[in-house]
Visitor: 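Got a structure for you, questions after.
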Amino acid sequence: MEWYCHWSVHLKSDLGFANSQLEVKLNGDKMRIGVLIDQLLPGGVQKIAVKEVQYLRDLGVDAHLLVIMRVPMQEKYMGMLEGVPCEFISDRYPRGLRKSYKFPIFHFFSTLHLLSPVIAPAYFREKEYDFIISHNTTTCLTAQALWRKKRIPYAAFVWDPMNYILTKVYSKTLLRGLFPFLSPLVKAIEKSFLKDARVVITGSHVHSDFLFSKHDMQSKVLYPGCVVAGHIPEKRGEYMLALTRWDNDKKPLFLLDLVKDNPHAKLLIVGTWTKLNDFELFKKRIKMLDVADRVKIVEQFGDNTLADFGREARFFIHPNFEAFGMGALELAAHGCPMIIPRGSGVGEIFENTVHGFFPEKENYGEFKTAVEMLLNDERMAYRMGATAWERAKEYSWANHAGNLLKLIQEAQK
């Protein structure tokens with residue numbers, strides 16, 4: 001398989017770094033790195049940030065998770081931290097500035113994203129951190145402010161470029177009429193903080209290509225990591241596994257149609273739901289299709305249960321196109337083959353018909369065929385899963401952290 005992406009650089013996880021070769025001290029002290037996210041909520045980006053802190057610390061870096069704003073009922077999400085040091089930047093603010101309000105129509109865009117770049121620098125010391133890794137675009141607004149006012153350099157880790165999200169998520173909303181104004185505005189804002197960043201990183205060539213087309217700007221590709229199982233079961237389970245943070249855009253109803261059309265299909269659907277109305281619609285559709293005895297819903301899970309799901313499922317299925325598709329990598333690490341749309345970023349690591357099937361996105365017939373093949377042939381599912389497990393070993397979190405640290409060191413030269 002060929003790797004190319006204009007000026008982007010593909011960083012494989014088997015670069016063969018050795019801990020002794022990594023210079024993690026600055027002026028005789030441990031390098032102090034802040035990994036910045038906007039809120040501590042269940043999600044792939046948050047999980048990546050936590051893992052980066054954990055494994056950077058294993059490499060001798062004084063790494064800390066920095067969360068811009070506490071959210072209501074924050075305690076129930078604290079288990080995500082896995083013991084890593086974490087600070088909520090909003091705790092430094094006066095009490096009246098410690099709340100955030102989501103803007104109408106937007107899924108996650110809140111007042112914190114606009115106010116934090118103005119407020120946060122006043123509560124940081126000059127060069128308090130040697131480097132910041134800023135995850136996602138709106139968070140980079142704060143990282144940029146800390147660079148300009150406190151001289152703390154940063155990496156912009158872009159999981160979803162602004163115009164990409166604007167078009168993909170909001171094309172069917174009232175914001176559509178404002179696109180002629182919003183699109184050039186967000187392009188200018190994004191280009192500004194990407195230009196100020198010491199290094200721009202993406203999670204796949206999907207977004208490296210996109211950033212190059214929008215900004216004529218080079219970026220580095222660094223895939224997420226995974227926790228690789230020491231061994232995998234000798235036989236695959238019986239059910240289809242679907243796992244993400246759910247809403248209707250992730251096509252959960254598509255999965256129910258697949259269950260309805262295959263009398264042998266059983267579905268385990270795992271993850272939180274961002275919209276209660278979408279969840280209620282999903283449960284109503286289960287009843288309408290009369291598949292309640294073949295669909296199980298699990299809303300909360302951790303790394304241990306994720307491993308159990310990966311071992312016990314026949315395969316992982318995700319009907320929505322993803323710029324990466326972290327669930328596929330995480331479950332492959334437990335010997336679980338995948339069905340995910342062609343062109344998704346995870347397809348840069350895994351191969352169609354070798355590690356699973358990559359149907360054309362939204363092509364129901366191709367998805368249905370892939371489901372039938374893996375449900376009807378457990379040995380095929382096992383072989384694909386075992387091969388995917390071997391491939392996933394190259395993408396451990398330790399390798400991810402080592403390659404990330406190399407990027408930071410190169411950017412600092």
Side-chain angles (χ1 to χ4, degrees), residues 32-57 61-125 128-129 131-147 149-150 152 154-160 162 165 193 244-247 271-276 279 299-303 326:
R32 185 172 171 84
I33 294 178
V35 181
L36 184 67
I37 57 175
D38 55 358
Q39 299 177 84
L40 186 65
L41 294 169
V45 171
Q46 289 83 354
K47 181 172 187 175
I48 291 166
V50 169
K51 292 294 186 183
E52 285 176 351
V53 174
Q54 180 182 345
Y55 284 87
L56 283 172
R57 291 180 73 85
V61 176
D62 184 17
H64 298 254
L65 184 68
L66 298 177
V67 184
I68 293 177
M69 183 68 65
R70 283 186 181 269
V71 298
M73 301 178 66
Q74 185 68 77
E75 291 72 20
K76 71 178 182 178
Y77 303 124
M78 297 300 283
M80 295 171 55
L81 295 176
E82 301 181 18
V84 306
C86 171
E87 181 185 358
F88 293 88
I89 298 174
S90 59
D91 290 353
R92 302 185 182 192
Y93 302 166
R95 190 169 298 276
L97 298 176
R98 296 179 185 176
K99 290 185 178 181
S100 179
Y101 303 93
K102 188 174 75 69
F103 292 110
I105 301 178
F106 291 97
H107 288 189
F108 299 105
F109 189 48
S110 307
T111 56
L112 76 90
H113 299 111
L114 295 181
L115 295 179
S116 178
V118 178
I119 301 170
Y123 297 92
F124 274 75
R125 299 187 306 277
E128 183 173 337
Y129 283 85
F131 204 89
I132 284 177
I133 302 164
S134 179
H135 282 279
N136 253 337
T137 51
T138 48
T139 307
C140 285
L141 297 173
T142 299
Q144 182 185 40
L146 290 171
W147 161 244
K149 297 179 181 180
K150 299 298 180 179
I152 303 174
Y154 67 96
F157 210 139
V158 179
W159 294 100
D160 291 302
M162 286 180 161
I165 287 296
F193 65 68
T244 190
R245 184 165 56 188
W246 292 101
D247 56 43
T272 57
W273 290 73
T274 57
K275 298 178 182 177
L276 182 59
F279 189 29
E299 294 184 64
Q300 301 289 341
F301 68 98
D303 276 354
M326 190 172 170

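Counting from 1, the numbers follow the sequence of the chain as shown.
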Visitor: Just how far is it from atom CH2 of Trp159 to atom CD1 of Ile165, taken to the nearest 0.5 Å?
Guide: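 One finds 13.0 Å between CH2 of Trp159 and CD1 of Ile165.
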
Visitor: Heavy-atom distance under 4.5 Å between the side chains of Phe193 and Trp147, does that happen here?
Guide: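 No, every pair of side-chain atoms sits at 4.5 Å or beyond.
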
Visitor: How long is the gap from CG on Leu141 to CG on Leu112, to the nearest 0.5 Å?
Guide: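 Going from CG on Leu141 over to CG on Leu112, the span is 10.5 Å.
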
Visitor: What are the two closest non-hydrogen atoms of Ala156 and Cys140, and how far apart are they?
Guide: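 In terms of heavy atoms, the two residues are closest at CB-SG, 3.7 Å.
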
Visitor: About how many Å separate CH2 of Trp246 and OG1 of Thr274, when rounded to the nearest 0.5 Å?
Guide: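 Thr274 atom OG1 to Trp246 atom CH2 measures 11.0 Å (nearest 0.5 Å).
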
Visitor: Between side-chain atoms of residues 36-46 and protein atoms elsewhere (two or more places apart, or another chain), which donor-acceptor pairs fall under 3.5 Å?
Guide:
from	atom 1	to	atom 2	distance (Å)
Asp38	OD2	His113	NE2	2.9
Gln46	NE2	Gln39	O	3.4

Visitor: Who pairs with Ser116 by side chain to side chain donor-acceptor pair (under 3.5 Å), at least two apart in sequence or on another chain?
Guide: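 Listed in chain order: Thr142.
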
Visitor: I'd like to check the side chain to side chain donor-acceptor pair (under 3.5 Å) partners of Thr111; sequence neighbours left out, ordered by chain and number.
Guide: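 Thr111 satisfies side chain to side chain donor-acceptor pair (under 3.5 Å) with Ser100 only.
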
Visitor: Just how far is it from atom CD1 of Ile119 to atom CG of Leu114, taken to the nearest 0.5 Å?
Guide: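 One gets 10.5 Å once the value is rounded to the nearest 0.5 Å.
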
Visitor: Taking only residues two or more places apart in sequence, or in another chain, which ones meet Gln144 in a side chain to side chain donor-acceptor pair (under 3.5 Å)?
Guide: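 Once residues adjacent in sequence are excluded, the partners of Gln144 under the side chain to side chain donor-acceptor pair (under 3.5 Å) criterion are Ser192, Asp196.
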
Visitor: Taking all non-hydrogen atoms of both residues into account, name the closest pair between Arg98 and Ser90 and its distance.
Guide: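 Distance-wise, the nearest heavy atoms are CG-O, 3.3 Å.
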
Visitor: Write down the atom of Ala143, the atom of Ile132, and the distance for their closest heavy-atom approach.
Guide: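 Closest approach of Ala143 to Ile132, heavy atoms only: CB-CG2, 4.4 Å.
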
Visitor: Could you check if a side-chain atom of Met162 sits within less than 4.5 angstrom of a side-chain atom of Thr138, using non-hydrogen atoms only?
Guide: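 A side-chain contact exists here, since the closest heavy-atom pair is under 4.5 Å.
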
Visitor: Kindly write out the residues that satisfy ring pair (Phe, Tyr, Trp, His ring centres under 6.0 Å) with Phe124, not counting sequence neighbours, or none if the list is empty.
Guide: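 Listed in chain order: nothing, the list is empty.
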
Visitor: With sequence neighbours excluded, tell me which residues meet salt bridge (charged side-chain N to carboxylate O under 4.0 Å, His left out) with Glu299.
Guide: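 Glu299 satisfies salt bridge (charged side-chain N to carboxylate O under 4.0 Å, His left out) with no other residue.
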
Visitor: Which residues pass the side-chain contact (heavy atoms from CB on, under 4.5 Å) test with Pro72, not counting sequence neighbours?
Guide: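 For Pro72, no residue satisfies side-chain contact (heavy atoms from CB on, under 4.5 Å) once neighbours in sequence are set aside.
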
Visitor: Would you say that more than 12 heavy atoms from the other residues, nucleotides or ligands in this model lie under 6.0 Å from the NZ of Lys99, or not?
Guide: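 No - once you tally the heavy atoms of other residues, nucleotides and ligands closer than 6.0 Å, there are 12 at most.
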
Visitor: Please find the pair of heavy atoms, one from Leu66 and one from Gly34, that lie closest to each other, and give the distance.
Guide: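 Here Leu66 and Gly34 meet closest at CD1-CA, 3.9 Å.
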
Visitor: What residues, two or more places apart in sequence or in another chain, satisfy side-chain contact (heavy atoms from CB on, under 4.5 Å) together with Lys149?
Guide: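 Pro121.
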
Visitor: Which residues satisfy the side chain to side chain donor-acceptor pair (under 3.5 Å) test with Tyr129, sequence neighbours excluded?
Guide: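 Side chain to side chain donor-acceptor pair (under 3.5 Å) check on Tyr129 returns Arg32.
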
Visitor: Quick test of your reading: applying salt bridge (charged side-chain N to carboxylate O under 4.0 Å, His left out), list the pairs with at least one residue in residues 68-78, sequence neighbours left out, ordered by first then second residue.
Guide: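 Residue pairs with at least one partner in residues 68-78: Arg70-Asp91.
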
Visitor: Decide yes or no for Ile33 and Glu52: does some side-chain heavy atom of the first lie under 4.5 Å from some side-chain heavy atom of the second?
Guide: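 Of all side-chain heavy-atom pairs linking Glu52 with Ile33, none is under 4.5 Å.
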
Visitor: Check ring pair (Phe, Tyr, Trp, His ring centres under 6.0 Å) between Phe279 and all other residues, then give those that pass, not counting sequence neighbours.
Guide: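 For Phe279, the residues satisfying ring pair (Phe, Tyr, Trp, His ring centres under 6.0 Å) (neighbours in sequence not counted) are Trp273.
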
Visitor: Any chance you could lay out the side-chain contact (heavy atoms from CB on, under 4.5 Å) test for Leu97 and Leu115, step after step, and finish with the verdict?
Guide: CA-CA 9 Å; Leu97 298 176; Leu115 295 179; 5.7 Å; no

Visitor: What heavy-atom pair brings Asp160 and Asn136 nearest, and what distance separates the two atoms?
Guide: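 So the two residues come closest at N-OD1, 3.4 Å.
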
Visitor: Atom NE2 of His135 and atom CG of Leu65: how far apart are they, to the nearest 0.5 Å?
Guide: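 Result: 9.0 Å between the selected atoms.
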
Visitor: Could you walk me through whether Val35 and Val84 pass side-chain contact (heavy atoms from CB on, under 4.5 Å), step by step?
Guide: CA-CA 11 Å; Val35 181; Val84 306; over 6 Å; no

Visitor: For Tyr93 and Tyr123, take the angle between the two ring planes, folded into 0 to 90°, and tell me which bin it lands in: parallel under 30, tilted 30 to 60, perpendicular over 60.
Guide: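 Rings of Tyr93 and Tyr123: tilted, 30 to 60°.
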
Visitor: For a 4.5 angstrom cut-off between non-hydrogen side-chain atoms, does Arg57 reach Pro85?
Guide: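 Arg57 reaches Pro85 side chain to side chain.
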
Visitor: Which residues satisfy the salt bridge (charged side-chain N to carboxylate O under 4.0 Å, His left out) test with Arg92, sequence neighbours excluded?
Guide: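 Listed in chain order: Glu87, Glu128.
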
